[in-house]
Amino acid sequence: MAHAVKELFPEAQFAFGPPVDQGFYYDIDVDRAFTPEDLEKIENKMKEIVSQDNPFIREEPSVEQALTLFREKKESYKTEQIERLGEPPSIYREGGFVDLCRGPHLPSTGYIKYFKLMSISASYWLGDENNASLQRIYGISFPKKSQLEDYLLKIEEAKKRDHRRLGKDLDLFTINDEIGPGLILWHPKGAFVRHKIEEYWRHEHLASGYEFVNTPHIARKNLWNTSGHLDFFSENMYAPMDIDENPYLIKPMNCPFHLLIFKSRTRSYRDLPIRWAELGTVYRYEKSGVLHGLMRVRGFTQDDAHIFCRPDQLDQEISRVIDFSLNMLKGFGFSEYDIFLSTRPEKYVGIIENWDKATQSLKTGLAHSKVEYQIDPGEGVFYGPKIDIKIKDSLGRSWQCTTIQVDFNEPERFDLGYVGQDGEKHQPIMIHRALLGSLERFFGVMIEHYAGAFPLWLAPIQVSVIPITSSQHEYAQKVHERLVTAGIRSSMDDRSEKVGYKIREGETSKIPYMLILGEREVNENNVSVRKRREGDLGKKTLEQFIDHIKLEEADKK
Ligand code: ZN
């Protein structure tokens, strides 16, 4: 692609062009903005280069030779990078084009089969907005035509499911510039789904031995010194505000508050484990460029919890959290996932013996829960190892949700202790865990997973009652009232529109059931049932329909 761009735009300079999870990109410095027509031209030029079947030739020049080569080509980003590397780089030549690259490459351009340039976006040299602005072209490539076609179909489907678009169409949430980027307004229908998510979450937590706590949104600056957040998390925190001449900070995490509740009284070994959960709203600074709908925001509510336990309880607690998490995710319709165990990073606090013990506990917990997992070496948090669960949505995309982290650092910083059986003071182990992650992000994933068609138990409106003409209004009103009394979320559509129009609108609003009421239904005292995606289900008595809904709702379908 870079070769093709260079042929069409000889002045273009190249920054970085790595492979990514889905395809590849290149950051390019050119005088004018690329257009979709340019992408087409570049693609055609790429096809030409592919048909030439030019070999890729690797060379390893000295730093000086490489600098001379790229200076001659006026590739200033490349020379900067060679200087930064400070060691002999590798370069690749291909049919008159030369690029700095670690490699490896295919033997020749002829090996490249099916590809497409997907999009253009803005970027900055070294990702820093104070540096030169660049244009990033994304592309994808596959060895088989069917793979490319499948991929493009999936992209189309993902666009249709984009939660930002559905959020607007279904009136679920908005982001308002007058408030600021990354801050979510939950509209009544979105807030209703959130209410159902929270209700289920609370119920499951109580049933699983958790207690709830609530904590403030701000705290004295000193608390964040004690917790260490000002040392290791300050770039994500907002500037302090003064209250009575004391600096206060908005919380980026809930942990210090839970630690202080623990410390508020003497704890005995018999009190442990303590499991405290909070739907805690936190604020974190994120660069505006990385904000994305509900998925990456600046204010969000974590479904947070902290477990304080004795060393001999750690294995069992980890296993409980894993099972609990997988069960709850299943309740929301996610039964496919990947699990990762992240081990000790290069920079860490605490002693290796503790790290090894905690990592072993995570492994034992995973084994106990009989789940498969992969190890992510060195990817743990500096205060302890962790387990991440990434769920797969209906398009097979992965989303990070659950995180379970063992922490020795905070209990030490806050000098936490409990009285052991021996009458001595011992330090508890702390587990941080969020199962859904953040409610904002989880809602975004749910919208895309279900394409906005929430299962009956979550749907803001479950049934739309549609009289065919005004003569059935009275009957329809009775049906609607009976549904409401039965605890069903019914909406009466008595507008003077054609019935076909109302049904189409019910479908685009993704309402699970519609009851169509004409003269026949009035005379036979029953209802005609239409189900989302399935169409006409025939006639039922109203009470039969109510039973049917209740069963489906209880099954969380
Ligand atoms: Zn925490």
If you count heavy atoms of other groups shown closer than 6.0 angstrom to CG of D231, is the number above 12? yes
Within a radius of less than 6.0 Å around CD of E11, do more than 12 heavy atoms belonging to other residues, nucleotides or ligands occur? no
Taking [X] for the side chain and [Y] for the main chain, is one N or O donor matched with an acceptor at less than 3.5 Å?
| X | Y | answer |
| --- | --- | --- |
| N236 | Y285 | yes |
| E448 | V445 | no |
| E94 | I57 | no |
| S438 | Q302 | no |
| R164 | G293 | no |
| K45 | L8 | no |
| Q13 | S76 | yes |
| R136 | A122 | no |
| D376 | E379 | no |
| T508 | E505 | yes |

Return yes if a side-chain donor-acceptor contact under 3.5 Å exists between [X] and [Y], otherwise no.
| X | Y | answer |
| --- | --- | --- |
| H217 | T281 | no |
| D53 | T109 | no |
| T35 | D38 | yes |

Under the side chain to side chain donor-acceptor pair (under 3.5 Å) rule, what do D128 and N130 come out as? Steps first, then yes or no, please. CA-CA 5 Å; D128 184 340; N130 299 314; 3.3 Å; yes
[X] with [Y]: basic N within carboxylate O range, under 4.0 Å:
| X | Y | answer |
| --- | --- | --- |
| D99 | R93 | no |
| K370 | D323 | no |
| E75 | K6 | yes |
| K390 | D388 | no |
| E80 | R84 | yes |
| E507 | R504 | no |
| E83 | R71 | yes |
| E157 | K154 | no |

Does the pair I82 and F70 meet the rule for a side-chain contact (heavy atoms from CB on, under 4.5 Å), with working shown? CA-CA 9 Å; I82 294 165; F70 285 102; 3.5 Å; yes
Parallel under 30°, tilted from 30 to 60°, perpendicular over 60°: which one fits the rings of [X] and [Y]?
| X | Y | answer |
| --- | --- | --- |
| H229 | F232 | tilted |
| F173 | F443 | perpendicular |
| H432 | H306 | perpendicular |

Before giving the answer on side-chain contact (heavy atoms from CB on, under 4.5 Å), spell out for I49 and F97 the whole-Å C-alpha distance, their side-chain angles and the decisive distance to 0.1 Å. CA-CA 11 Å; I49 297 168; F97 182 72; over 6 Å; no
Would you mind reporting whether [Y] and [X] have side-chain heavy atoms less than 4.5 Å apart?
| X | Y | answer |
| --- | --- | --- |
| H187 | L172 | no |
| R433 | D303 | yes |
| D150 | F142 | no |
| W201 | L279 | yes |
| L435 | F324 | yes |
| P256 | W224 | yes |
| L341 | Q374 | no |
| L117 | E43 | yes |

Go through the steps to decide whether E59 and S90 satisfy the test side chain to side chain donor-acceptor pair (under 3.5 Å), and finish with yes or no. CA-CA 6 Å; E59 288 173 16; S90 59; over 6 Å; no
Run the ring-centre check on [X] versus [Y] and record whether the distance is less than 6.0 Å.
| X | Y | result |
| --- | --- | --- |
| Y26 | F14 | yes |
| Y200 | F332 | yes |
| F9 | F34 | yes |

Is there a side chain to side chain donor-acceptor pair (under 3.5 Å) between T343 and T359 once you walk through the steps? CA-CA 7 Å; T343 57; T359 309; over 6 Å; no
Scan Y25, W125, F24 and name whichever one has a ring pair (Phe, Tyr, Trp, His ring centres under 6.0 Å) with F16. W125
Quick check for you: to the nearest 0.5 Å, what is the distance between [X] atom [atom1] and [Y] atom [atom2]?
| X | Y | atom1 | atom2 | result |
| --- | --- | --- | --- | --- |
| K363 | D315 | NZ | CG | 12.5 Å |
| L366 | S361 | CG | OG | 10.5 Å |
| E346 | F382 | CD | CZ | 15.5 Å |
| F408 | E353 | CZ | CD | 10.0 Å |
| S398 | I391 | OG | CD1 | 9.0 Å |
| T301 | R441 | OG1 | CZ | 15.0 Å |

Check against side chain to side chain donor-acceptor pair (under 3.5 Å), T403 and Q405: CA-CA 6 Å; T403 181; Q405 308 177 349; 3.3 Å; yes
Determine whether K196 and E198 satisfy the following criterion, salt bridge (charged side-chain N to carboxylate O under 4.0 Å, His left out), listing intermediate values before the conclusion. CA-CA 5 Å; K196 294 304 283 185; E198 289 183 1; over 6 Å; no
Does the pair L458 and I197 meet the rule for a side-chain contact (heavy atoms from CB on, under 4.5 Å), with working shown? CA-CA 8 Å; L458 289 170; I197 294 173; 4.2 Å; yes
R194/W186 under side-chain contact (heavy atoms from CB on, under 4.5 Å): CA gap, chis, key distance, verdict: CA-CA 9 Å; R194 174 170 169 161; W186 294 71; 3.2 Å; yes
Let's go through K287 and E129 carefully: what are the C-alpha distance in whole Å and the side-chain angles of both, what is the deciding distance for salt bridge (charged side-chain N to carboxylate O under 4.0 Å, His left out) to 0.1 Å, and is it a yes or a no? CA-CA 10 Å; K287 285 193 176 144; E129 43 203 291; 5.1 Å; no
Quickly, which of R296, R298, H292 forms a side chain to side chain donor-acceptor pair (under 3.5 Å) with E286? Name it, please. R296
